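Each remark here refers to the structure printed beneath this line.
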Amino acid sequence: MQAPSVGGVMLPRGNGQAVRLSRGASLTDFAEKINANPASLVAVMMNLGEMVTATQSVSDETLKLLADEMNYVLEIVSPEEEDRELLESFDIEFGEDEGGEEALVSRPPVVTVMGHVDHGKTRLLDAIRKTNVVAGEAGGITQHIGAYQVSSEVNGEDRKITFIDTPGHEAFTAMRARGAKSTDIAILVVAANDGVMPQTIEALNHAKAAEVPIVVAVNKIDVEGADPTKVRGQLTEFGLVAEEYGGDTMFVDISAKQSLNIEALLEAVVLTADASLDLRANPEQDAQGIAIESHLDRGRGAVSTVLVQRGTLRIGDTVVVGDAYGRVRAMLDDSGQNVQEAGPSTPVLVLGLTNVPGAGDNLLVVDEDRTARQIAEKRAARERNANFARKGVRFSLENLDEALKAGLVQELNLIIKGDASGSVEALESSLLQLDVGEEVDIRILHRGVGAVTESDINLATGSDAIVIGFNVRAAGRAEQMAEREGVDVRYYSVIYQAIEEIEAALKGLLKPEYEEVELGTAEIREIFRSSKLGNIAGVLVRSGEVKRNTKARLLRDGKVIAENLNISGLRRFKDDVTEIREGYEGGINLGNFNDIKIDDVIATYEMREKPRG
């Protein structure tokens, strides 16, 4: 086989040499690796029937086609490996404790609660929080930040335990798996009246894959039909043998509802950590950790809950979290109190980042703002190039089946926006795990936190994607832009509904359904309080018209605060009216719902039957 020749110029022949490229690389990147002219590679691609520019990000398949033609072996560098190489170029070692044994001190265990849906994971987390609220503290825990720390007295010693607040069921596989990576111990919750269920086994497998010790909490021992002994027997089949049966797994019988034996469970966690793990870290080095949860806050900008894994994070530190960076402006603990520093195994809410990082992104402290910016920009560019390398055919969920049958499309491109990074990750992971046969792939082009924006619609227009909004709505002119460009935007508030609808579309099973039609939006300008009716919103109707007895939702900063509300009263001055049109002011009563604030938006809608297909 001869080396490719373009215009009489012989191009280098690979002879089976390996070429390492990142996902979404361009022909120019390829040319640099083999000391060739990028224009020559463009010509080679033309000969292969592919029109590609020298600087365009191209797909893995295109790069492989070129490599095969020139007898090179293509190696696509994984994002994790590429990130490690990036950090090494800045002399940063992530995941290593500095100093010798003498620099390490003990740290609290980090715990994730896992188990089957409806077996009481959330109730257990709430019970643990309540058990640890300081007596007399007004309101107790005031802030949900995705993780919190509690204390337990074990053998006369006060011991701390950190909980990652990501109780999982099947849809939250991603959050469970992510939690396990940053987790020392898993609490497996099994209901004493139900026993081992399919998701119990799935959660158990996640914990085993992460090689973390397991403590079993046998919940609901107070309900009729509870049989803790049966649970012990069932779990023996999966390798979890209770200590009383001669095994090494601690089982604790609890009632989360009645806060029964919660302290015994915490003690079991500490004893398991002491027996199975060497939990130590160096608190003196630059902090490293992981982002647990992130979101956009109206008054504070991008905020992220981070779990410090080693070192100590301090106010004023320059940090990089995924493709976000910034200087730590403030840190809050799970009770909303300002803290100056956070040591190993401590979760804190960090303020001061440039944008919202993803759940599971690593955090590291660097010496200079410039270094932080360079790392973040290179990570963002890598992600952007990988996104640009993906392409497809535009369609909606309704015509997807026809497009599949006609062979017009082999992949479904999605853009996911949600109210928090954990929800987005969970939805993304669940969608990517859908088993829909070999005829179609699902690709997530972009995922982010916050309202659906014009930028998202632009990306969807250029890459023929469907936009999914999870607990968020379109902001500004994005809705009109989507209609104009023919982009399919889907809104969901239940994660299973999104998964089922997309799976049904991929299998051609979508049935006629009711369609939500937006009637109008009204901005709250003032709030009037009535002893008889509760809070009345003084509004300006921004678009369409608001009608009495229609459904409504309340939006705050683009996020859905309340669903399924009812416009129970409408007034213009002192008169009761049936509708208020765009540009007019009036009063809206949302029935028993009173949690409204100035600048909130009331969006009204009605459901109309819409045949699909």
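What you are looking at is a predicted structure, and each value in this text was computed from that prediction instead of being measured.
- Formation of a donor-acceptor pair under 3.5 Å by the Thr312 side chain with backbone atoms of Pro283 is found in this model.
- Residues that satisfy the ring-ring contact (aromatic ring centres under 6.0 Å, His included) test with Tyr605, not counting sequence neighbours, are absent from this structure.
- In this structure Phe163 satisfies the ring-ring contact (aromatic ring centres under 6.0 Å, His included) test together with Tyr148, sequence neighbours excluded.
- Between Leu124 and Ile262, some side-chain heavy-atom pair lies under the 4.5 Å cut-off.
- A donor-acceptor pair is defined here as one N or O able to donate and one able to accept, closer than 3.5 Å; such a pair exists between the side chain of Asp333 and the backbone of Ser335.
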Review point. Can Asp419 and His295 be said to form a side-chain contact (heavy atoms from CB on, under 4.5 Å), step by step?
Key: CA-CA 7 Å; Asp419 56 342; His295 66 277; over 6 Å; no
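- The existence of a salt bridge linking Arg447 and Glu425 is confirmed by a sub-4.0 Å separation between a basic side-chain nitrogen and an acidic carboxylate oxygen.
- If you take NZ on Lys559 and CG on Asp600, they are separated by 13.0 Å, rounding to the nearest 0.5 Å.
- Arg123 places a side-chain heavy atom less than 4.5 Å from the side chain of Lys257.
- Taking all atoms of both residues into account, the shortest heavy-atom contact from Ala330 to Ile315 is CA-CD1, 3.6 Å.
- Using a distance-only test at 3.5 Å, with no hydrogens or angles considered, a donor-acceptor pair links the side chain of Asn219 to the main chain of His119.
- Using a 4.5 Å heavy-atom cutoff, the side chains of Asp286 and Asp317 are not in contact.
- Panel note: side chain Asn362, backbone Gln288; no donor-acceptor pair is recorded below 3.5 Å.
- Residues passing the salt bridge (charged side-chain N to carboxylate O under 4.0 Å, His left out) test with Asp194, sequence neighbours excluded: none.
- For Arg314, the salt bridge (charged side-chain N to carboxylate O under 4.0 Å, His left out) test picks out Glu341, with sequence neighbours left out.
- In this structure, the side chain of Asn261 does not engage the main chain of Ile254 through any donor-acceptor pair within 3.5 Å.
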Exercise for review: Test Val560 against Leu555 for side-chain contact (heavy atoms from CB on, under 4.5 Å), laying out the working first.
Suggested key: CA-CA 5 Å; Val560 179; Leu555 307 178; 3.7 Å; yes
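- Taking OG1 from Thr183 and CD1 from Ile164, the interatomic distance works out to 4.0 Å, rounded to the nearest 0.5 Å.
- The line from CG of Leu204 to CG of Leu188 is 6.0 Å long, rounded to the nearest 0.5 Å.
- Residues that satisfy the salt bridge (charged side-chain N to carboxylate O under 4.0 Å, His left out) test with Asp557, not counting sequence neighbours, are Arg298.
- A side-chain hydrogen bond (donor to acceptor under 3.5 Å, both in side chains) with Ser152 is found for one member of Lys160, Arg159, Glu263, Glu267 and no other, namely Glu263.
- Asp488 places no side-chain N or O within donor-acceptor distance of the main-chain N or O of Ile466, the cut-off being under 3.5 Å.
- A distance of 3.5 Å separates CZ in Phe238 from CD1 in Ile201, rounded to the nearest 0.5 Å.
- Under a 3.5 Å cut-off, the side chain of Ser568 and the backbone N or O of Asn589 do form a donor-acceptor pair.
- In this structure, Thr305 contributes its side chain and Ile292 its backbone to no donor-acceptor pair below 3.5 Å.
- Considering CG of Leu414 and CD1 of Ile442, their distance stands at 6.5 Å, rounded to 0.5 Å.
- For Arg107, the salt bridge (charged side-chain N to carboxylate O under 4.0 Å, His left out) test picks out Asp184, with sequence neighbours left out.
- Across every non-hydrogen atom of Val308 and Ala287, the tightest pair is CG1-CB, 4.4 Å.
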Practice item. Please assess Arg310 against Gln285 for the test side-chain contact (heavy atoms from CB on, under 4.5 Å), listing each intermediate value before the final yes or no. Key: CA-CA 7 Å; Arg310 59 189 61 81; Gln285 69 181 77; 3.5 Å; yes
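- Across all their heavy atoms, Ile596 and Ala537 have their closest contact at CD1-CB, 3.8 Å.
- The minimum heavy-atom distance linking Val328 with Met331 is given by the pair CG1-CG, 3.5 Å.
- Contact annotation: the side chain of Val218 approaches that of Asp253 to within less than 4.5 Å [non-hydrogen atoms, C-beta and beyond].
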Practice item. Please assess Leu313 against Val319 for the test side-chain contact (heavy atoms from CB on, under 4.5 Å), listing each intermediate value before the final yes or no. Key: CA-CA 9 Å; Leu313 185 63; Val319 295; 3.8 Å; yes
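- With a 4.5 Å cut-off on side-chain heavy atoms, Ile185 and Ile161 do not count as touching.
- Side-chain contact between Val270 and Glu157 is absent, with no heavy-atom pair separated by less than 4.5 Å.
- Side-chain contact annotation: Glu293 with Ser421, donor-acceptor N/O pair under 3.5 Å present.
- Applying the 6.0 Å contact sphere to CG of Asn338 captures more than 12 heavy atoms from other residues, nucleotides or ligands.
- With hydrogens and angles left out, the side-chain atoms of Glu516 and Tyr491 include no donor and acceptor closer than 3.5 Å.
- When side chains are defined from C-beta on, Leu235 counts as touching Phe251, because their heavy atoms get closer than 4.5 Å.
- Heavy atoms from other residues, nucleotides or ligands lying under 6.0 Å from CG of Asp248 number 12 at most.
- In this structure, Leu353 and Ser304 have side chains that are in contact, with non-hydrogen atoms separated by less than 4.5 Å.
- Across Pro344 and Gln309, no two heavy atoms sit closer than the pair CB-O, 3.8 Å.
- A donor-acceptor pair under 3.5 Å links the side-chain atoms of Arg379 to the main chain of Gly322, judged by distance alone.
- Listed for the Thr272 side chain is a donor-acceptor partner under 3.5 Å among the backbone atoms of Ala268.
- With a 6.0 Å radius and a threshold of 12 heavy atoms from other residues, nucleotides or ligands, Asp158 has its CG atom above the threshold.
- Here the straight-line distance linking atom CG of Asp297 with atom CG of Leu351 works out to 7.5 Å at 0.5 Å rounding.
- Closest of all the heavy-atom pairs between Ser255 and Gln258 is OG-N, 3.2 Å.
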